[in-house]
Peer 1: 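Quick one: the structure is below, questions incoming.
Just so we're clear, the structure is a prediction, and the values are computed from it rather than from any experiment.
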Amino acid sequence: MRKVLLPALIIIGASLLIIRVFYLQIIDDSFKLKSENNAIKIKYDYPERGYIYDRNGVLLVANQPSYDIMVIPRELNKTDTLEFCKLLNITKEDFIKKIEKAKVYSPRLPSVFLAQLNKNEFAAFQEKIRKFEGFYFQKRSLRDYEVNYGANIFGFITQVNEKLIEKNHYYKSGDLIGRQGVEESYEKILRGVKGVKYFQKDKFNREIGSYKEGKFDTIAVQGEDINLTIDAEIQKYGEQLMVNKRGGIVAIEPATGEILALVTAPSYDPGILVGRQRSKNYTKLYHDSIANPLYDRGLLAQYPPGSPFKIMTGLVGLQEGVIDEKTTFVCNHGFYYAPGRFQRCHCGGGVLDFHVGIYKSCNAYFSNVYLRTIGKYKNTPYAVDVWSNHVKSFGLGQFMGYDLPTGKSGKIPTSKTYKKMYPGWGYSGKTIISNAIGQGEVLVTPIQLANMMATVANHGYYYTPHIIKKIKGEKIDTKFTTKHVTTIDPKYFPPMISGLFDVYNRGTAYALRVEGIDICGKTGTAENFAKIGGKRVQLKDHSIFVAFAPKDNPKIAIAVLVENGGFGATIAGPIASLMIEKYLRKKITRTDLETRVLNTSLQSRYAILGGLSEEVKKELRIKDSITQSKAKAALQKIDTTKTKK
């Protein structure tokens with residue numbers, strides 16, 4: 001057997017080698033093409049990117065023609081630099097710098113010398129291009145934005161860098177690629193496939209015709225069109241309502257998980273990141289460390305949720321059996337949860353049951369519920385993990401897997417969190433009681449809050465939020481049609497929804513009602529702290545509101561967060577009511593709320609950060625605004641500390 005095995009292996013190996021050599025030399029001409037590269041000129045035909053539409057077929061993003069001036073350094077021959085620079089309105093220094101950069105990339109391969117010329121600039125250059133050997137133009141298409149909103153959703157197009165070229169050989173120097181938003185998430189679908197044409201050159205480096213009669217040429221394939229789940233009208237309206245404010249709005253269709261609106265404020269016109277001014281404009285946006293217009297607050301900003309988190313506290317309490325609908329607690333405008341520790345409440349006090357506790361947003365009620373939940377088990381760390389797992393089943397404390405390239409997970413504390421915080425000694429529910437009312441160690445993003453409300457509207461399940469509705473010729477990812485069921489029994493949602501409905505009818509959102517629309521909601525005012533001069537200082541509260549409507553068969557769930565906006569019913573609540581009415585009715589009847597919101601500017605609260613030194617900004621550790629007096633006090637305190645040192 002051994003005598004036969006070795007010869008057999010040799011014969012098989014030799015046969016495979018012969019077959020491979022035959023294939024490469026006789027059948028496959030690709031290596032021959034590479035070996036003859038010096039006598040071949042390659043030209044690429046770039047396809048148009050796919051168009052982007054909203055859920056109703058409204059065109060949002062199209063294309064416009066653009067031209068790049070390409071250069072092959074090795075083919076340059078006595079260029080009239082002065083005339084060339086004058087023609088393209090660049091300096092001689094720029095010319096030299098660009099040529100040197102092209103040489104570094106490759107002396108014999110084309111690279112972009114000057115990108116994104118418009119029609120007029122190209123026309124002037126085209127007339128005299130024959131005078132400049134080594135230069136030619138490459139036609140491309142740039143984005144043509146049909147709207148001046150939704151920049152955070154679309155993203156932008158930019159040139160690939162050298163690292164990406166090394167990593168992905170599809171891209172060559174000067175190629176464009178989508179960054180951020182759906183342009184990045186669906187890059188492969190939107191970009192299409194570029195075509196390639198090969199031309200034979202003679203010994204004088206002149207084109208003499210198609211190589212091998214076009215045997216290796218390929219045709220460009222246009223990118224696929226896509227429909228987003230976004231409703232263009234409420235996206236535009238949401239951005240209008242958030243002018244002169246900072247924060248985020250996220251609206252979701254509960255039945256599908258489709259994102260109806262994704263607003264971040266402040267934002268910018270996507271059109272400014274197109275053309276030769278793109279780099280300059282992007283640099284300005286990037287270095288605006290105060291307003292942070294490139295920072296998508298709907299996906300990235302993590303805030304304490306405040307009172308809307310009482311929804312979680314109540315549902316977990318019902319599921320764990322520590323309360324029922326009839327359970328009552330006494331509120332003395334707050335309550336003492338430990339000696340010398342008093343938690344204030346603005347519900348009005350008295351004896352409250354579950355229903356009243358919700359619509360009056362009683363701190364004392366839900367803090368007691370939380371204490372019972374944690375106290376149910378003898379082992380506090382175990383109890384914390386039980387509570388944490390219930391909350392996480394709503395998509396909180398995790399990156400939910402939506403189809404946008406950026407996001408934050410938020411934070412839902414576990415026993416590990418407190419093991420690090422309190423090493424060597426025990427803790428109880430009273431130690432971490434702030435979690436009950438959405439403060440403490442709890443952090444969420446606006447999209448997580450919106451998804452939480454969609455889950456409540458669905459009586460305990462949700463679909464992963466997503467922004468793609470339709471891709472021509474393809475099906476969307478099945479993960480967006482997979483139902484996620486929470487750990488809370490569906491029977492506990494009706495009493496919660498009843499309380500949320502009365503938030504509008506009898507509670508904290510009474511003044512925000514919209515005639516004829518049954519809205520369920522929850523106001524929130526999240527405390528906002530920063531460290532100033534080494535001390536923890538309370539700043540202006542964030543205004544939060546979550547809601548869904550209609551009460552039965554809900555069509556929209558929404559979360560609104562306005563940084564430093566104050567009470568939830570002051571600014572976030574009106575915005576939520578207006579967005580809901582705009583989506584369901586396509587018009588606004590609460591013009592009083594609309595006028596108030598549109599005329600509200602919080603810039604005076606934000607402006608002070610522009611005058612602070614970088615050291616003070618670092619000391620603040622956050623980019624929230626602060627009042628003039630607190631800013632001056634912080635600055636004075638830091639300066640005094642320095643003097644003493």
Peer 1: Do you know which two heavy atoms are closest between Thr482 and Thr478, and how far apart they sit?
Peer 2: OG1-O, 2.8 Å

Peer 1: Do Ile230 and Ile153 come close enough that some side-chain heavy atom pair is under 4.5 Å?
Peer 2: yes

Peer 1: May I ask you to decide if Arg143's main-chain N or O and Gln64's side chain share a donor-acceptor pair within less than 3.5 Å?
Peer 2: yes

Peer 1: Give me the one residue out of Lys236, Met242, Gln240 that meets side-chain contact (heavy atoms from CB on, under 4.5 Å) with Val263.
Peer 2: Met242

Peer 1: Distance from Ile249 atom CD1 to Leu241 atom CG, nearest 0.5 Å?
Peer 2: 6.0 Å

Peer 1: State the CD1-OG1 distance between Ile259 and Thr464, to the nearest 0.5 angstrom.
Peer 2: 10.5 Å

Peer 1: State the CG-CD1 distance between Leu260 and Ile234, to the nearest 0.5 angstrom.
Peer 2: 5.0 Å

Peer 1: Could you tell me the separation between the NE2 atom of His287 and the CG atom of Leu294, rounded to the nearest 0.5 Å?
Peer 2: 10.5 Å

Peer 1: Give me the one residue out of Thr229, Asn227, Ile226 that meets side-chain contact (heavy atoms from CB on, under 4.5 Å) with Lys470.
Peer 2: Asn227

Peer 1: Taking the side chain as everything from C-beta on, heavy atoms only, tell me whether Tyr463 gets closer than 4.5 Å to His484.
Peer 2: no

Peer 1: Please determine whether a side-chain nitrogen of the Lys or Arg among Glu183 and Arg49 lies less than 4.0 Å from a carboxylate oxygen of the Asp or Glu.
Peer 2: yes

Peer 1: Going by heavy atoms in the side chains, are His542 and Val562 under 4.5 Å from each other?
Peer 2: no

Peer 1: Taking all heavy atoms of Tyr149 and all of Leu60, pick out the closest pair and write down the distance.
Peer 2: OH-CD2, 4.5 Å

Peer 1: Any chance you could lay out the side chain to side chain contact (heavy atoms under 4.5 Å, CB included) test for Leu602 and Asn244, step after step, and finish with the verdict?
Peer 2: CA-CA 6 Å; Leu602 302 180; Asn244 292 322; over 6 Å; no

Peer 1: Please evaluate residues Phe84 and Phe95 with respect to the criterion side chain to side chain contact (heavy atoms under 4.5 Å, CB included), reporting the C-alpha separation (whole Å), side-chain torsions for both, the decisive distance (0.1 Å), and the verdict.
Peer 2: CA-CA 9 Å; Phe84 186 92; Phe95 178 90; 3.6 Å; yes

Peer 1: Is there a donor-acceptor pair closer than 3.5 Å between any side-chain N or O of Lys103 and the backbone N or O of Ile99?
Peer 2: no

Peer 1: Please check: side-chain N/O of Asp477 versus main-chain N/O of Phe480, any donor-acceptor pairing under 3.5 Å?
Peer 2: no

Peer 1: Taking Asp68 for the side chain and Met70 for the main chain, is one N or O donor matched with an acceptor at less than 3.5 Å?
Peer 2: no

Peer 1: Going by heavy atoms in the side chains, are Val147 and Phe154 under 4.5 Å from each other?
Peer 2: yes

Peer 1: Quick check: does any side chain N or O of Asn281 sit under 3.5 Å from a backbone N or O of Ile272, one acting as donor and the other as acceptor?
Peer 2: yes

Peer 1: Please check this pair: side chain of Lys479 against backbone of Gly401, looking for a donor-acceptor N/O pair closer than 3.5 Å.
Peer 2: yes

Peer 1: Mind running side chain to side chain contact (heavy atoms under 4.5 Å, CB included) on Ile177 and Leu164 for me, showing each step along the way?
Peer 2: CA-CA 10 Å; Ile177 190 172; Leu164 183 59; 3.2 Å; yes

Peer 1: Indicate the atoms forming the closest heavy-atom contact of Asp45 with Ala220, along with that distance.
Peer 2: O-CB, 3.4 Å

Peer 1: Using the benzene-type ring in the case of Trp, are the ring centres of Phe135 and Phe113 under 6.0 Å apart?
Peer 2: yes

Peer 1: With the side chain counted from C-beta on, respond yes when Pro47 and Val193 share a heavy-atom pair under 4.5 Å apart, and no when they do not.
Peer 2: no

Peer 1: Can you tell me if Gln302 uses its side chain to pair, donor with acceptor, with the backbone of Val444 under 3.5 Å?
Peer 2: no

Peer 1: Do we see a donor-acceptor contact under 3.5 Å between the side chains of Asn148 and Asp269?
Peer 2: no

Peer 1: Asp231 and salt bridge (Lys or Arg N to Asp or Glu O under 4.0 Å): which partner among Arg55, Lys582, Lys586?
Peer 2: Lys586

Peer 1: On a heavy-atom basis, which atom in Ser185 and which in Asp403 lie closest, and how many Å separate them?
Peer 2: OG-O, 3.0 Å

Peer 1: State, yes or no, whether a side-chain contact exists between Gln448 and Asn451 at a heavy-atom distance under 4.5 Å.
Peer 2: no

Peer 1: So which heavy atom on Glu146 is nearest to which on Val61, and how close?
Peer 2: CG-N, 4.4 Å

Peer 1: Examine His466 together with Tyr402 and report whether their ring centres are nearer than 6.0 Å.
Peer 2: no

Peer 1: Is it possible for you to check whether Arg191 lies under 6.0 Å from the centre of the six-membered ring of Tyr170, through NZ or CZ, and within 45° of that ring's axis?
Peer 2: yes

Peer 1: Ion pair present between Glu563 and Arg297, side-chain N to carboxylate O less than 4.0 angstrom?
Peer 2: yes

Peer 1: For the pair Tyr295 (side chain) and Leu300 (backbone), establish whether a donor and an acceptor sit closer than 3.5 Å, ignoring hydrogens and angles.
Peer 2: yes

Peer 1: Answer yes or no: is there a side-chain heavy-atom contact under 4.5 Å between Leu404 and Leu299?
Peer 2: yes

Peer 1: Would you sort out whether Tyr583 and Tyr237 count as a ring pair (Phe, Tyr, Trp, His ring centres under 6.0 Å), showing the intermediate values?
Peer 2: CA-CA 10 Å; Tyr583 180 67; Tyr237 189 55; over 10 Å; no

Peer 1: Where the side chain of Gln398 meets the backbone of Lys392, is there a donor-acceptor pair that is under 3.5 Å apart?
Peer 2: yes

Peer 1: Please evaluate residues Asn63 and Asp144 with respect to the criterion side chain to side chain donor-acceptor pair (under 3.5 Å), reporting the C-alpha separation (whole Å), side-chain torsions for both, the decisive distance (0.1 Å), and the verdict.
Peer 2: CA-CA 5 Å; Asn63 298 302; Asp144 184 15; over 6 Å; no

Peer 1: Would the distance check show the side chain of Thr158 and the main-chain N or O of Arg179 forming a donor-acceptor pair, the cut-off being under 3.5 Å?
Peer 2: no

Peer 1: Quick one: closest heavy-atom pair of Pro446 and Ala559, and the distance?
Peer 2: O-CB, 3.5 Å

Peer 1: Step by step, work out the side chain to side chain contact (heavy atoms under 4.5 Å, CB included) result for Ile290 and Arg246.
Peer 2: CA-CA 11 Å; Ile290 304 302; Arg246 293 181 189 169; 3.4 Å; yes

Peer 1: A side-chain contact here means heavy atoms from C-beta on lying under 4.5 Å apart; do Lys172 and Ile165 qualify?
Peer 2: no

Peer 1: So does Lys194 pair up with Asp175, basic N to acidic O under 4.0 Å?
Peer 2: yes

Peer 1: If the threshold is 4.0 Å, N to carboxylate O, is there a salt bridge linking Glu100 and Lys97?
Peer 2: no

